[in-house]
Amino acid sequence: MMKVVKILAGQTIADIAVQELGDADRSMEIADLNGLGLTDDLSTVSTLLVPDYEVSRRNIVNLFRDPANAPASNDVSGETVAPLEGIGYWGIENDFIVQ
C-alpha cells in the first residue's frame, strides 16, 4: 500500500525515508518510486509517494510523525553563519590595513 506524503521546507529524500519508513537506507526506493534522483531538490515537489514501513521500525516512524520532530537536513531558512573575525582571520589589505 502506498501513501502520499507532504514535503516540508528543507526536507530531502533521505529525511522522508527516515520520517516515513524509519530507515534512510530506503531513500533510493522512494526516489525510484517518484521518478527522482537521490539528490534532487524537493522544493519543486509538494508530495511524494512512499511505500509502507516495516513493523520493526514503528517506534522510529511514530517519533517523526510529529511535525515538530520532522527531519529537514536541507533547511537553512533561519540560520546564518556570521563571518569569522579576529586577527587569525584577517587578510592583509582586505580586513587588516597596514599603515
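Considering only heavy atoms from C-beta on, L36 comes within 4.5 Å of L42 through its side chain. You'll find the side chain of T47 stays beyond 4.5 Å of the side chain of I7, heavy atoms only. For the pair M28/I13, no side-chain contact is recorded, criterion being any heavy-atom separation below 4.5 Å from C-beta on. Q11 places a side-chain heavy atom less than 4.5 Å from the side chain of I16.
Identified under the salt bridge (Lys or Arg N to Asp or Glu O under 4.0 Å) test for residues 24-38, with sequence neighbours left out: R26-E29. Within the structure, every pair that satisfies the salt bridge (Lys or Arg N to Asp or Glu O under 4.0 Å) test and touches residues 1-20, not counting sequence neighbours, is listed here: K3-E20.
Although no hydrogens or angles enter the test, the distance criterion places a donor-acceptor pair under 3.5 Å between the side chain of N34 and the main chain of I30. N69 places no side-chain N or O within donor-acceptor distance of the main-chain N or O of D66, the cut-off being under 3.5 Å.
Here the closest heavy-atom approach between residue A17 and residue A24 is recorded as CB-CA, 4.0 Å. Of all non-hydrogen atoms in Q19 and P71, the two that sit nearest each other are OE1-CD, 3.9 Å.
There is a path of hydrophobic side-chain contacts, each under 4.5 Å, that joins L21 to L38. Follow the hydrophobic side-chain contacts under 4.5 Å out from V4 and you never reach L48; the two are in separate clusters.
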Would you list the atom pairs, donor with acceptor, under 3.5 Å between side chains in residues 53-65 and any protein atom, with sequence neighbours excluded?
{"residue": "R57", "atom": "NH1", "partner": "G22", "partner atom": "O", "Å": "3.3"}
{"residue": "N62", "atom": "ND2", "partner": "R58", "partner atom": "O", "Å": "3.3"}

